[in-house]
Amino acid sequence: MENNGAPLDATARQDVPPVLDETIHSPHRLRICALLHQLGTTEYQLLRESLQVSPSVLSKHLKKLEEAGYVELSTRTVGTRPHGWATLTAHGARAYRSHLAYLEELIQSANSQDKP
């Protein structure tokens with residue numbers, strides 16, 4: 001799902017129930033989903049640089065997201081070299097929004113308990 005850099009707003013999160021997603025909850029996978037949601041189809045190299053991880057670490061996390069049906073992976077030839085690309089699927093975007101809604105509820109609950 002490409003959203004062309006549009007920020008995720010409150011109305012986009014209202015269409016999903018807040019659910020903790022253990023697959024997305026890992027810090028690297030959460031950041032991957034956030035980047036793909038913001039940027040759309042993204043080259044592995046940009047993801048790796050953004051996360052500051054090795055190719056093997058990125059591959060491990062992308063594979064886990066792919067197995068869950070959250071990302072689609074592809075290879076394209078640029079010049080004469082193959083480059084890997086990742087895209088957040090519609091299912092992945094929905095799971096990401098649902099996970100964000102869960103985290104927001106958690107934050108709101110914590111904030112309301114801090115108030116006298």
Side-chain angles (χ1 to χ4, degrees):
M1 173 184 170
E2 293 187 31
N3 82 341
N4 301 318
L8 185 65
D9 61 19
T11 55
R13 289 184 296 268
Q14 290 174 353
D15 68 336
V16 293
V19 175
L20 172 66
D21 189 308
E22 294 287 342
T23 300
I24 292 175
H25 194 67
S26 159
H28 287 316
R29 291 191 294 269
L30 180 60
R31 290 182 61 208
I32 289 168
C33 288
L35 286 165
L36 294 177
H37 191 271
Q38 181 181 19
L39 301 174
T41 300
T42 305
E43 189 175 1
Y44 290 2
Q45 182 66 22
L46 178 58
L47 292 173
R48 196 174 68 71
E49 289 170 2
S50 298
L51 296 171
Q52 297 180 343
V53 296
S54 67
S56 63
V57 169
L58 177 63
S59 177
K60 173 185 147 189
H61 289 291
L62 286 174
K63 183 72 172 165
K64 183 93 170 173
L65 290 167
E66 181 184 39
E67 288 170 354
Y70 293 171
V71 299
E72 183 177 296
L73 306 177
S74 62
T75 303
R76 300 179 195 159
T77 302
V78 177
T80 59
R81 301 184 67 177
H83 291 255
W85 298 80
T87 303
L88 195 61
T89 64
H91 177 61
R94 182 173 172 81
Y96 172 68
R97 291 192 318 267
S98 180
H99 187 73
L100 285 186
Y102 172 83
L103 294 175
E104 286 177 345
E105 278 192 359
L106 196 64
I107 291 166
Q108 289 173 0
S109 175
N111 286 341
S112 68
Q113 291 176 3
D114 289 341
K115 295 180 183 175

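We number each residue from 1, following the sequence as shown. Just so it is clear, the values below take in all heavy atoms, side chains as well, and ignore hydrogens, waters and symmetry mates.
Between the side chain of His99 and the main chain of Asp21, a donor-acceptor pair closer than 3.5 Å is present. Checked by atom type and distance alone, the side chain of Arg76 never pairs as donor or acceptor with a backbone atom of Glu43 at under 3.5 Å. With hydrogens and angles ignored, the 3.5 Å screen pairs a side-chain donor or acceptor of Thr89 with a backbone N or O of Gly92. Checked by atom type and distance alone, the side chain of Arg48 never pairs as donor or acceptor with a backbone atom of Ser59 at under 3.5 Å. A distance-only check finds a donor-acceptor pair linking the side chain of Ser98 to the backbone of Pro17 [under 3.5 Å].
Gln108 and Glu104 share no side-chain donor-acceptor pair at under 3.5 Å. Side-chain atoms of His61 and Arg29 include a donor-acceptor pair closer than 3.5 Å.
Hydrophobic clustering, with ILVMFWY side chains joined whenever heavy atoms are under 4.5 angstrom apart, groups Leu106 together with Leu20. Cluster annotation: Leu73 and Leu36 are assigned to the same hydrophobic cluster (Ile/Leu/Val/Met/Phe/Trp/Tyr, side-chain heavy-atom contacts under 4.5 Å, transitive). Val57 and Ile32 fall within a single hydrophobic cluster, where Ile, Leu, Val, Met, Phe, Trp and Tyr are joined by side-chain heavy atoms under 4.5 Å apart, directly or via other members.
Taking CH2 of Trp85 as the reference point, atom CG of Leu47 lies at 10.0 Å (rounded to 0.5 Å). Note that CD1 of Ile107 is 11.0 Å distant from CD of Glu105, once rounded to the nearest 0.5 Å. If you take OH on Tyr44 and CG on Leu51, they are separated by 13.0 Å, rounding to the nearest 0.5 Å. Summarising the geometry, atom NE2 belonging to His83 is positioned 12.0 Å from atom OG belonging to Ser74; distances are rounded to the nearest 0.5 Å.
No more than 12 heavy atoms of other residues, nucleotides or ligands lie within 6.0 Å of CD in Glu72, so this atom counts as exposed by the packing criterion. Environment of NE2 in His25: sparse, with no more than 12 heavy atoms of neighbouring residues, nucleotides or ligands closer than 6.0 Å. Crowding of Gln52 atom CD: a count of heavy atoms from other residues, nucleotides or ligands under 6.0 Å not exceeding 12.
Between Thr87 and Val71 the shortest side-chain heavy-atom distance does not fall below 4.5 Å. Put simply, the side chain of Leu39 reaches to within 4.5 Å of the side chain of Leu46, judged on heavy atoms.
Between Tyr70 and His91, the ring center distance clears the sub-6.0 Å criterion.
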